2 protein chains.
Amino acid sequence: MRDVAKFADVSVATVSRVINGKGDVNPETRKRVEQAIEYLHYKPNDVARTLFRGKSKMIALFVPDIMNPFFPELARAVEDVTNKYNYTFILCNTDGDLEKELTYIDTLQQKAVDGFIIVSSTITDEMLKKISVPIIALDRFFHSELASITVDNYQGGREATEYLQSIGCQRIAHLCGPESASNTMERLRGYMDVVRDTDWFLSSYLLSCNYNMEQAKVMTMEMLRNHPEIDGIFAANDVMAIGAMKAAEQLGIRIPEDLAVIGFDGISVGEATSPTLTTMAQPIYDMGTRAAEMLMEQIQTQVAPKTIETFPVHLLERESTKRKKVAHG
Amino acid sequence: MRDVAKFADVSVATVSRVINGKGDVNPETRKRVEQAIEYLHYKPNDVARTLFRGKSKMIALFVPDIMNPFFPELARAVEDVTNKYNYTFILCNTDGDLEKELTYIDTLQQKAVDGFIIVSSTITDEMLKKISVPIIALDRFFHSELASITVDNYQGGREATEYLQSIGCQRIAHLCGPESASNTMERLRGYMDVVRDTDWFLSSYLLSCNYNMEQAKVMTMEMLRNHPEIDGIFAANDVMAIGAMKAAEQLGIRIPEDLAVIGFDGISVGEATSPTLTTMAQPIYDMGTRAAEMLMEQIQTQVAPKTIETFPVHLLERESTKRKKVAHG
DNA sequence: GTGAAAGCGCTAACAC
DNA sequence: GTGTTAGCGCTTTCAC
């Protein structure tokens, strides 16, 4: 910058004015400075700016694990928005581990990140207190004091279950995610409200699986052996639904003829399985976009409106439930 | 920091010494400073350190698209290593777009990132010249002046093709990736060296598909219609292999009985399809780890040894090729 | 319209 | 063993 100033025969202050387009600069001077910048290939040092401003134009996204296909799409959406605003995007895998989250928070705040978007089941007040910049909860709800973007998980759980009924399923099991995650608990509630008062419901139709495919497969296999009467499975995410389908396949149970399977999320892998997976699709990319936009707004305006936004889910009917509709009941 | 100094009744220089463990500090003074730090919850400002040092302890990974399941695993590996070294990890989706890459390079160097790991087919000398920090090419080779981590793509292509022959395939087609990518060109060369001199090979058995599932499906469908004699497909990545399987399914062609399919990469989605996908598996996580370790080393030692490392691939035999072995020829 | 100078928070000479 | 100070590269009052 000093070089530029010298070259254009002005002071660094003027160079700064030109770069930032702030303050009045004589058009001729401006031109001279611009040429000097061009000629010297000058690029402002962002670190120095950050030091002065206390803002880095970086935001971070915390996800439990990027290897679950749900999250790359979310990450992609956030990155696209941050690019639009000329921000830099930092992705952090937390493994759902509070320690890791806390470490990331410290490190990143020392680097003056301007905001956080967090997918986490382990958000604590301690954690929130540490964070002095805007923060948005995504995919999982924490409490009403924290701005959040989620889908209507309860409604989704309900619809998925009712849909299985509507295609003729008489015994519907549910694969639930980890208890700590608010989203899966809501989906469970939706399921329970449909099945609780039926004459067939058994508590052993309810499996707790940690959003994990391998585990879902093993547990489903055992359940289907003990309960051959099950003719429908609602899995709380697509990855578990795929595990359930693998289990059925291994047991020689046909999908969808003997057993209908519906997942939750709408990840594109669901199109790659055979049969393709019916699912309650979330508008994943839109949610990521919205969360990022909201964060940008909070960063720019300095106000945190604690908005709670809930997106709808929609039924994506594919092969794993494609039966002729049957009258039932 | 001034607050800490005041509180501990020392100068900022001493505080700095304590924090960095450099220079001699009287044990008692040290203790006092440490207590002050503790008491005031002091965290050093990393931006100021970066400004002074010219190094940010951040590295960036460029990938074409995080939504291809191959890359999350790579990204995960890199992140794990950067965490180990207390570095911060920045993920960038380039969409294979040179403009985006160039923009990222500028932005990040202004933020003083310490190194780059780049998965790209569009690396240019112009790009390399812009980068004044260590850089490693991953998954795709550029030229011998640039350190790189790849697999033996030629050997993999060869083995995949020979394997299809060994299980009795008589007419083997190949789905190729984008011409600009060195990896797919090598796989193609491996395939060609096996089939070129056979009496059955036709140039129309060779399809160019851009690593894209939808496109692979459409093109495979057309090829299988025109060439019902094809009984084996080697796809240059798993995503295209899945597209090919979808195409076969839609045409009522049975896998593996009528048509054997082998992919390349070894992404875990290959286990979720049915039939599960046979593939030439790359040690994805190891490659990511190695690239990151190599970068860390170059950053620390300031020397760039231009190492070219080639990892082996191995055959992962799954259902999409599970036939009884047949004598042939 | 432009320049001089202070200061963002830290580190590394250099004194003492 | 510890304090003083210059300076990393930038922005922004405050004079002129």
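Below, all heavy atoms of this structure are taken into account, side chains as well, without hydrogens, waters or symmetry copies. The sequence lines fix the lettering, A, B, ..., with proteins before strands; numbering per chain opens at 1. Just so you know, these numbers come straight off a predicted model, no measurement behind them.
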Worksheet entry | Sugar-phosphate, base or nothing in reach of B:Thr50, heavy atoms under 4.0 Å |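 No contact at all - B:Thr50 keeps every heavy atom at 4.0 Å or more from the nucleic acid.
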Item to complete: For A:Asp24, report the nucleic acid contact type (base, sugar-phosphate, nothing); a contact means any heavy atom under 4.0 Å.
Response: base
Using the salt bridge (charged side-chain N to carboxylate O under 4.0 Å, His left out) criterion, which residues pair with [X]? Sequence neighbours excluded.
{"X": "A:Glu73", "value": "none"}
{"X": "B:Lys55", "value": "none"}
{"X": "A:Asp97", "value": "none"}

Practice prompt. Shoot me the first and last contacting nucleotide of DNA chain C against chain A, ordered 5' to 3', at under 4.0 angstrom to non-hydrogen atoms.
Written response: C:dG1 to C:dG9
Any salt bridge (charged side-chain N to carboxylate O under 4.0 Å, His left out) involving [range]? Give me the pairs, sequence neighbours left out, ordered by first then second residue.
{"range": "residues 3-25 of chain A", "value": "none"}
{"range": "residues 131-151 of chain A", "value": "none"}
{"range": "residues 285-309 of chain B", "value": "B:Lys84-B:Glu293, B:Arg290-B:Glu309"}
{"range": "residues 110-138 of chain B", "value": "A:Asp46-B:Lys111, B:Asp106-B:Lys130"}

Item to complete: State, yes or no, whether a side-chain contact exists between A:Glu101 and A:Phe62 at a heavy-atom distance under 4.5 Å.
Response: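 They are in side-chain contact.
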Worksheet item: With A:Met185, which residues qualify under side-chain contact (heavy atoms from CB on, under 4.5 Å), at least two apart?
Response: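 Result, side-chain contact (heavy atoms from CB on, under 4.5 Å) vs A:Met185: A:Cys176, A:Glu179, A:Leu188.
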Discussion item. Tell me every residue that passes side-chain contact (heavy atoms from CB on, under 4.5 Å) with A:Tyr42, counting only those two or more places apart in sequence or in another chain.
Written reply: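 With sequence neighbours excluded, A:Tyr42 shows a side-chain contact (heavy atoms from CB on, under 4.5 Å) to A:Met1, A:Val4, A:Ile19, A:Ile37, A:Pro44, given in chain and number order.
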Discussion item. Only Watson-Crick and G-U wobble pairs with both distances less than 3.5 Å should count. Give DNA chain C in dot-bracket notation, marking inter-strand partners with |.
Written reply: ||||||||||||||||
Practice prompt. Treat primed atoms plus P, OP1 and OP2 as sugar-phosphate and everything else as base, then score nucleotides 8-16 of chain D 5' to 3': B for base contact with protein heavy atoms under 4.0 Å, S for sugar-phosphate contact only, - for none.
Written response: BBSBBB---
